[in-house]
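Working notes for the structure below.
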Amino acid sequence: AEAWKVLAAGGRALDAVEKGVQVPEGDPLETSVGYGGLPDRDGRVTLDSCIMDEAANCGAVACLEHIMHPISVARRVMEKTPHVLLVGDGALQFALAQGFKKENLLTAASEKAWREWLKKAEYKPIANIENHDTIGMVALDQQQNMSGACTTSGMAYKIHGRVGDSPIIGAGLFVDNEIGAATSTGVGEEVIRICGSHLVVELMRQGNSPQEACELAVKRIVKNQPKKSREMQIGFLALSKNGAVGAYALQKGFTYALQTPEIKNQLFEAKSYYA
Ligand code: ASP
């Protein structure tokens, strides 16, 4: 809804996706993105985000702590530095120098959940459908320009320093203004292995619809990891330059929101490889 306000007013897709993903980033009840995100196994909330525009400009931060809106820091990396990715302390220093406020992002509820997890401290990096969920958003504006954003607190109770697909351009997000845009959620390691979002866009370039491209990318993961793929979730979302939409996941339960001039911010459940 926030992104649509920008698009409906004739604004840039880039501003739309930034505004859109800021909503879950700032929501303390959303435990997989930004403020209120579940921490790593040391109790630290570490955030991964990236953003990409119509001219292949892109910026990202990984393992960033204490900043409510990592997507906006990623945008500053894109706009204010010659670099694409800043990580950890360096990303935090940059954010503070850019005027972002240092905050505690660990809510009482997320701390409680972590302390509960600590009792067994069972390290299960294979995320299940419930304990992970990134927000990825792609948009096409009235000037026919595309942009995308992806932001997450990553897998709950991960090793400190672990970075998934979400801040990696080509893995968690990719935009090619001639072809389309794609983003992903799920077990980041598996998405990185196939350069997932870039793969989806390149499959679209070869003539596949966004739906076919998402399906082919998920099937590539099944082919690589036939056994593991049964126990994890991966979802891809794609939008083509002409406004066609595709979504596909390994497991059931991957929902996405779509807004167009005809469809008013409706939730859809993506088809899945496994029933
Ligand atoms: N893709 C994210 C990661 O691996 C997790 C998620 O989508 O929930 O960090």
Side-chain angles (χ1 to χ4, degrees), residues 17 20-21 23-25 27 29-42 44-52 60-65 70-71 74 85 87-88 91 105 110 113-114 117 123-138 148-174 182-200 214 217-218 220-221 224-225 228-229 231-238 247-257 270 272:
V17 295
V21 304
V23 176
E25 279 185 342
D27 181 350
L29 301 178
E30 174 52 74
T31 57
S32 54
V33 180
Y35 179 44
L38 289 168
D40 65 18
R41 66 181 185 180
D42 299 344
R44 297 162 75 161
V45 180
T46 67
L47 307 175
D48 298 338
S49 301
C50 73
I51 193 160
M52 188 165 188
V61 288
C63 204
L64 171 64
E65 293 179 74
I71 197 66
L85 174 61
V87 306
L105 303 181
S110 287
W114 167 65
W117 174 84
Y123 195 65
K124 271 206 298 192
I126 297 183
N128 62 32
I129 297 165
E130 297 79 43
N131 85 1
H132 70 97
D133 193 7
T134 295
I135 178 155
M137 186 179 283
V138 289
C150 185
T151 181
T152 189
S153 50
M155 252 184 240
Y157 320 131
K158 60 196 174 187
I159 294 178
H160 180 64
R162 178 268 183 188
V163 171
D165 58 324
S166 308
I168 310 290
I169 296 295
L173 176 73
F174 197 70
T183 185
S184 67
T185 181
V187 180
E189 284 74 4
E190 304 310 322
V191 177
I192 292 173
R193 261 189 256 286
I194 62 160
C195 297
S197 294
H198 183 258
L199 175 64
V200 170
C214 290
V218 166
R220 181 84 58 97
I221 288 170
N224 284 353
Q225 315 274 348
K228 249 164 88 186
S229 70
E231 289 151 24
M232 64 189 182
Q233 178 65 310
I234 306 275
F236 286 106
L237 197 62
Y248 197 64
L250 269 174
Q251 318 293 340
K252 276 174 77 140
F254 174 47
T255 51
Y256 64 98
S272 57

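The residues of the chain are indexed from 1 along the displayed sequence. Just follow the structure's listing: the first ligand is 1, and inside any ligand the first atom is 1.
- Every atom of ligand 1 with a heavy atom of Thr185 under 4.0 Å away is listed here by number and element: 6 (C), 7 (O), 8 (O).
- Using a distance-only test at 3.5 Å, with no hydrogens or angles considered, no donor-acceptor pair links the side chain of Glu25 to the main chain of Thr151.
- Proximity of a side-chain donor or acceptor of Thr183 to a complementary backbone N or O of Gly172 within less than 3.5 Å is detected.
- Checked against side-chain contact (heavy atoms from CB on, under 4.5 Å), Leu199 has the following partners two or more places apart in sequence or in another chain: Ile194, Leu203, Ala217, Arg220.
- Taking every non-hydrogen atom of Asp165 and a distance limit under 4.0 Å, the qualifying atoms of ligand 1 come out as 1 (N), 2 (C), 3 (C), 4 (O).
- Where the criterion is an N or O separation shorter than 3.5 Å, residue side chain and backbone included, Gly164 fails it with respect to ligand 1.
- Of the possible donor and acceptor atoms, one in the side chain of Ser153 sits under 3.5 Å from a partner among the backbone N and O of Ser32.
- In this structure, the side chain of Ser110 engages the main chain of Gly36 through a donor-acceptor pair within 3.5 Å.
- Asp40 and Thr46 share no donor-acceptor pair across their side chains, judged by distance under 3.5 Å alone.
- Using a 4.0 Å cutoff on heavy atoms, Ser32 does not count as a contact of ligand 1.
- For ligand 1, the polar-atom distance check against Gly154 finds no nitrogen or oxygen pair separated by under 3.5 Å.
- Within ligand 1, counting atoms from 1 as listed, the ones closer than 4.0 Å to a heavy atom of Ser166 are 1 (N), 2 (C).
- For the pair Arg162 and ligand 1, a heavy-atom separation below 4.0 Å is found.
- Residues satisfying the ring-ring contact (aromatic ring centres under 6.0 Å, His included) test with Trp117, not counting sequence neighbours, are Tyr157.
- The shortest N or O to N or O distance between Thr134 and ligand 1 is below 3.5 Å.
- Listed by number with element, the atoms of ligand 1 under 4.0 angstrom from any heavy atom of Met155 are 9 (O).
- When non-hydrogen atoms are compared, ligand 1 lies under 4.0 Å from neither the backbone nor the side chain of Gln233.
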